[in-house]
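Computation of the quantities below employed the complete heavy-atom set of this structure, encompassing side-chain atoms and omitting hydrogens, waters and symmetry-equivalent molecules. These figures come from a predicted structure and were not determined experimentally.
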Amino acid sequence: MTALQKYWWVGWPLMMACLLVGCKEDDRAMVVGKIQQANDLATTEFLIDKVVFGTKTKKLLFINISEARFLAYSKASVKTGVDLSNLTPEDITIKDEMISLKLPPIEVVNFSYPPASFREDSLISDTKAFLNTIKVRDQEEFFRLAELDIRSNLQYMGIVKTSQQHTRKMFETLLKSLGYREIYISFKSDELVIPQVNLLVEQDQIVSP
């Protein structure tokens, strides 16, 4: 079970400081240069609650003789933003007080799944069944699978839409402060860019729904 808990803005004060230092003329190259000074811009942080559940079955002649189970609660932190170094002059259109900005896609700039957030539910867990024990290694496997599950579902958690809304509001505020009155902001893609990590799944008797 996975739940998106809450979010907030981060990182935009640096961006504002960069832009407010002289950027009054309608010049695309200068606007691009000022924006790119912020490089990776983290706009939103999400806290994701994840319930981790797994079982380990002991078999004798293909017959299940015992099942140990493990349940714990965990949290993941995901920061999203845009890579402003990919912004080019062709992504900006300026005419008088109108500016149109086409931003790079939203991407995951930081993913954290700290063990410090793991908390076992001792009331539901039964890690020592008959001739069958869930060891620390098994628990690590459950958490690894949980992380894989979170990463594989980031695309479907509404993260892109929320991050785009925050980024758009932030840029509207900044561009208004530069004198633009008509502002259009879009993104090159609605797909979430997720850095690939090596978390191979090992096959075992562990079952984690």
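- For the side chain to side chain contact (heavy atoms under 4.5 Å, CB included) criterion with Ile106, the lone passing option out of Asp83, Thr80, Val193 is Thr80.
- With rounding to the nearest 0.5 Å, the separation of OG in Ser163 from CD in Glu45 is 11.0 Å.
- Atom CD1 of residue Ile183 and atom CE of residue Met98 lie 11.0 Å apart, to the nearest 0.5 angstrom.
- Pairs of residues two or more places apart, or lying in two chains, never qualify as ring-ring contact (aromatic ring centres under 6.0 Å, His included) while including a residue from residues 86-111.
- Taken to the nearest 0.5 Å, the OG atom of Ser112 stands 8.5 Å off from the NZ atom of Lys79.
- Here the side chain of Ser125 pairs no donor or acceptor atom with the backbone of Ser122 at under 3.5 angstrom.
- At a threshold of 4.5 Å between non-hydrogen side-chain atoms, the residues Phe70 and Asp138 do not count as touching.
- Taking 4.5 Å as the limit, every side-chain heavy atom of Thr44 sits out of range of all side-chain heavy atoms of Ile159.
- Side chains of Asp49 and Tyr73: a donor-acceptor N/O pair is absent below 3.5 angstrom, by distance only.
- The pair Glu172-Arg168 fails the salt-bridge criterion, with no side-chain N (NZ, NE, NH1 or NH2) lying under 4.0 Å from an Asp/Glu carboxylate O.
- Phe46 is not listed as a side-chain neighbour of Met157, based on a closest heavy-atom distance of 4.5 Å or more.
- Residue Thr57 holds its OG1 atom at 4.5 Å from CD of Glu67, rounded to the nearest 0.5 Å.
- The minimum heavy-atom distance between Val52 and Ser74, with the atom names listed, is CG2-OG, 3.6 Å.
- In this structure a side-chain-to-backbone donor-acceptor pair under 3.5 Å is present from Arg69 to Ile124.
- Side-chain contact check for Val160 versus Phe187: every heavy-atom pair is 4.5 Å or farther apart.
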Take Leu154 and Ile48 through the test side-chain contact (heavy atoms from CB on, under 4.5 Å) and record every step on the way to the result. CA-CA 10 Å; Leu154 288 177; Ile48 301 171; 3.9 Å; yes

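- The side-chain heavy atoms of Tyr180 and Ile94, taken from C-beta on, include a pair separated by under 4.5 Å.
- Between atom CD of residue Glu107 and atom OG of residue Ser189 there is a gap of 11.5 Å, rounded to the nearest 0.5 Å.
- Applying the salt bridge (charged side-chain N to carboxylate O under 4.0 Å, His left out) test to pairs two or more places apart or on separate chains, those with a residue in residues 182-194 are Asp91-Lys188.
- Nearest heavy-atom pair across Lys56 and Thr133 is NZ-O, 3.4 Å.
- Between Leu47 and Lys75 there is no side-chain heavy-atom pair separated by less than 4.5 Å.
- Contact record, Ala72 with Glu120: CB-CA, 3.8 Å, taken as the closest heavy-atom pair.
- Ring geometry, Phe118 versus Phe143: the interplanar angle falls under 30°, so the pair is classed parallel (tilted spans 30 to 60°).
- At a threshold of 4.5 Å between non-hydrogen side-chain atoms, the residues Ile185 and Thr167 do not count as touching.
- The structure places OH of Tyr184 at 13.0 Å from CG of Leu175, a figure rounded to the nearest 0.5 Å.
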If you apply the rule side-chain contact (heavy atoms from CB on, under 4.5 Å), what do you find for His166 with Met170, and how did you get there? CA-CA 6 Å; His166 286 180; Met170 184 192 66; over 6 Å; no

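- In plain terms, the two heavy atoms of Val109 and Gly81 that are nearest each other are CG1-N, 4.1 Å.
- Residues Pro105 and Leu192 have side chains not in contact (no heavy-atom distance under 4.5 Å, counting atoms from C-beta outward).
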